Amino acid sequence: MTKLFRKLIILILLLVGCSKNDKVYITGFIIKAVRPPFTYYYKEVYVHNQRGFKMVPNCLINDTALNIDDYHYDYYFFRDYKPFEINRKYKLVLEHAGGKAQGEVYMPNDFAILYPESTYLLVKDSSLQIYWTKAEGATWYWLDIYIDYWYEDSLGEEDEFVFDMDTIVYSNYVVYEKSRLFPPYVARITEGGDGIINVWACDGPPCLPGAEGNIYGAGYGIYNSVNEAPDRFFYVGLPGKRERASRYFNQKLEKLKIRNRARR
């Protein structure tokens, strides 16, 4: 078991609500991630019962059983990496000694980031417009943006500026004002940097405080679907080298897991 996974387990144990400590908590994901030239598929389901499991639970998505990847007396972790169809519903069923828990999501259709284009150069004192095609079946989007460049301030000191932010949106259009990307203390850009945009089309409860879970029956929790479009890279400040490897997928997936488990 990885150190990160152990930390997640500890976090879950600390955050279990007293009123639900006799119920099975479930967090599940079905994800398609396009990172050219490869496409990755993920089905992951984590189940936890503070009192332990009297029998080995069985986890299915659309009647296909998921393999047990890790377990302890009080949790089971299921995984599957086989390709699956998009633009359709996926039902999760967890069978355990206390009964059957269920949840359903729609796997959104493919979509594409339209703007900025890969040849785009974001210059100083400019706002940034981002828009993409709508993904059929998506109820919300998770947008990650990363920008960096080197600059000189009014005193002649040089430093690196980094803008790294994720946000949930319900439309396919976002604008970042120039004051957030090029603060007043940036006198001039001395070295061009990278811009990276990553968008997930999602269904299931959004990662927001107070959002209700979508698992019902003999269990409770969160079940999400994600269709990730290829990252969009662009230039910032001055033409420079663009990073061609996605930085964010694994970080973003772990962030989604932590947020969902912390909402118990």
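Source: prediction; values computed, not measured. Note that these values count all heavy atoms, side chains included, but never hydrogens, waters or copies made by symmetry.
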Open item on the list: As an exercise, state the distance from OH of Tyr235 to CD1 of Ile147, rounded to the nearest 0.5 Å.
Closed with: 15.0 Å
Open item on the list: Is it the case that the ring center of Tyr115 lies less than 6.0 angstrom away from the ring center of Tyr120?
Closed with: yes
Open item on the list: Just verifying a value: how many Å separate Asp69 CG and Arg79 CZ, rounded to the nearest 0.5 Å?
Closed with: 4.5 Å
- [ ] Could I get the full list of side-chain contact (heavy atoms from CB on, under 4.5 Å) partners for Tyr73, not counting sequence neighbours?
- [x] none
Task: By salt bridge (Lys or Arg N to Asp or Glu O under 4.0 Å) - contacts of Glu191 (at least two apart) - done: none
Task: Neighbour count above 12 (heavy atom, 6.0 Å) for Asp125 CG - done: yes
- [ ] Answer with yes or no after comparing the ring centroid distance for Tyr220 and Tyr25 against a 6.0 Å cut-off, counting only values under it.
- [x] yes
Open item on the list: I need the minimum non-hydrogen distance between Ile215 and Ala101, along with the two atoms involved.
Closed with: CG2-CB, 4.1 Å
Task: Partner residues of Glu160 under the side-chain hydrogen bond (donor to acceptor under 3.5 Å, both in side chains) criterion, sequence neighbours left out - done: none
Open item on the list: The criterion is side-chain contact (heavy atoms from CB on, under 4.5 Å); which residues satisfy it with Val56, sequence neighbours excluded?
Closed with: Ile68, Tyr76
Task: Reported CG-to-CD1 distance for the pair Asp231 and Ile113, which is rounded to 0.5 angstrom - done: 7.0 Å
TODO: Could you tell me which residues satisfy side-chain contact (heavy atoms from CB on, under 4.5 Å) with Ala218, sequence neighbours excluded, listed by chain and number?
DONE: His96
- [ ] Measure the acute angle between the ring planes of Phe38 and Tyr40, then classify it against the limits of 30° and 60° as parallel, tilted or perpendicular.
- [x] tilted
Task: Partner set under side-chain hydrogen bond (donor to acceptor under 3.5 Å, both in side chains) for Asn62, not counting sequence neighbours - done: none
- [ ] Would you please test Asp74 and Asn49 for side chain to side chain contact (heavy atoms under 4.5 Å, CB included) and show each step?
- [x] CA-CA 5 Å; Asp74 61 347; Asn49 187 345; 5.7 Å; no
Open item on the list: Could you work out, with salt bridge (Lys or Arg N to Asp or Glu O under 4.0 Å) as the rule, every residue matching Glu158, not counting sequence neighbours?
Closed with: none
Sequence neighbours left out, cut at 3.5 Å: what donor-acceptor pairs do the side chains of residues 103-111 make with other protein atoms?
residue, atom, partner, partner atom, Å
Tyr106, OH, Asn87, O, 2.9
Tyr106, OH, Asn87, OD1, 3.0
Asp110, OD1, Lys32, NZ, 2.9
Asp110, OD1, Asn227, ND2, 2.9
Asp110, OD2, Lys32, NZ, 3.2

TODO: Kindly indicate, with the supporting measurements, whether the criterion side chain to side chain contact (heavy atoms under 4.5 Å, CB included) is fulfilled by Ile145 and Tyr176.
DONE: CA-CA 10 Å; Ile145 178 171; Tyr176 287 93; 3.6 Å; yes
TODO: Taking the six-membered ring for Trp and the full ring for Phe, Tyr or His, determine whether the centres of Tyr90 and Phe84 are under 6.0 Å apart.
DONE: yes
Open item on the list: Checking Trp142 against Asp166 for the side-chain hydrogen bond (donor to acceptor under 3.5 Å, both in side chains) test, could you report, in this order, the C-alpha distance in whole Å, the side-chain angles of both residues, the deciding distance, and whether it holds?
Closed with: CA-CA 7 Å; Trp142 195 357; Asp166 65 83; 3.1 Å; yes
TODO: Would you name the heavy atoms of Tyr141 and Ala135 that are closest together and state the gap between them?
DONE: OH-N, 2.9 Å
- [ ] May I ask you to check whether Asn198 and Trp200 show a side-chain donor-acceptor distance below 3.5 Å?
- [x] yes
- [ ] Measure the spacing between CG of Leu60 and NZ of Lys43 and express it to the nearest 0.5 Å.
- [x] 10.0 Å
- [ ] Examine the side chains of Asp203 and Thr139 and answer whether a donor and an acceptor come within less than 3.5 Å of each other.
- [x] yes
- [ ] Would you please name every residue forming a side-chain hydrogen bond (donor to acceptor under 3.5 Å, both in side chains) with Gln129, sequence neighbours left out?
- [x] Tyr173
- [ ] Evaluate side chain to side chain contact (heavy atoms under 4.5 Å, CB included) for Ile61 paired with Leu66, printing each intermediate quantity in order.
- [x] CA-CA 7 Å; Ile61 293 183; Leu66 274 62; 3.9 Å; yes
Just distance, no hydrogens or angles: give the donor-acceptor pairs under 3.5 Å from side chains in residues 177-186, sequence neighbours left out.
residue, atom, partner, partner atom, Å
Glu177, OE1, Ser127, OG, 3.4

Open item on the list: For Asn214 versus Gly204, what's the shortest heavy-atom pair and its separation?
Closed with: ND2-CA, 4.0 Å
Open item on the list: Test side chain to side chain contact (heavy atoms under 4.5 Å, CB included) on Val45 and Ile26; report intermediate values, then the result.
Closed with: CA-CA 7 Å; Val45 178; Ile26 303 166; 3.9 Å; yes
Task: Heavy-atom pair with the smallest gap, counting every atom of Ser171 and Trp132 - done: O-CZ2, 3.3 Å
Open item on the list: Working to the nearest 0.5 angstrom, can you tell me the gap between Leu94 CG and Tyr223 OH?
Closed with: 12.0 Å
Open item on the list: To check you understand the geometry: which heavy-atom pair defines the closest contact between Lys82 and Asp80, and what is its length?
Closed with: N-OD2, 3.0 Å
Open item on the list: Can you list everything that forms a ring-ring contact (aromatic ring centres under 6.0 Å, His included) with Tyr81? Sequence neighbours excluded, please.
Closed with: Tyr42
Open item on the list: Once side-chain hydrogen bond (donor to acceptor under 3.5 Å, both in side chains) is applied, do any residues pair with Ser126, and if so which ones, sequence neighbours excluded?
Closed with: none
TODO: Please check if any side-chain donor atom of Asp148 sits under 3.5 Å from a side-chain acceptor atom of Tyr146, or the reverse.
DONE: yes
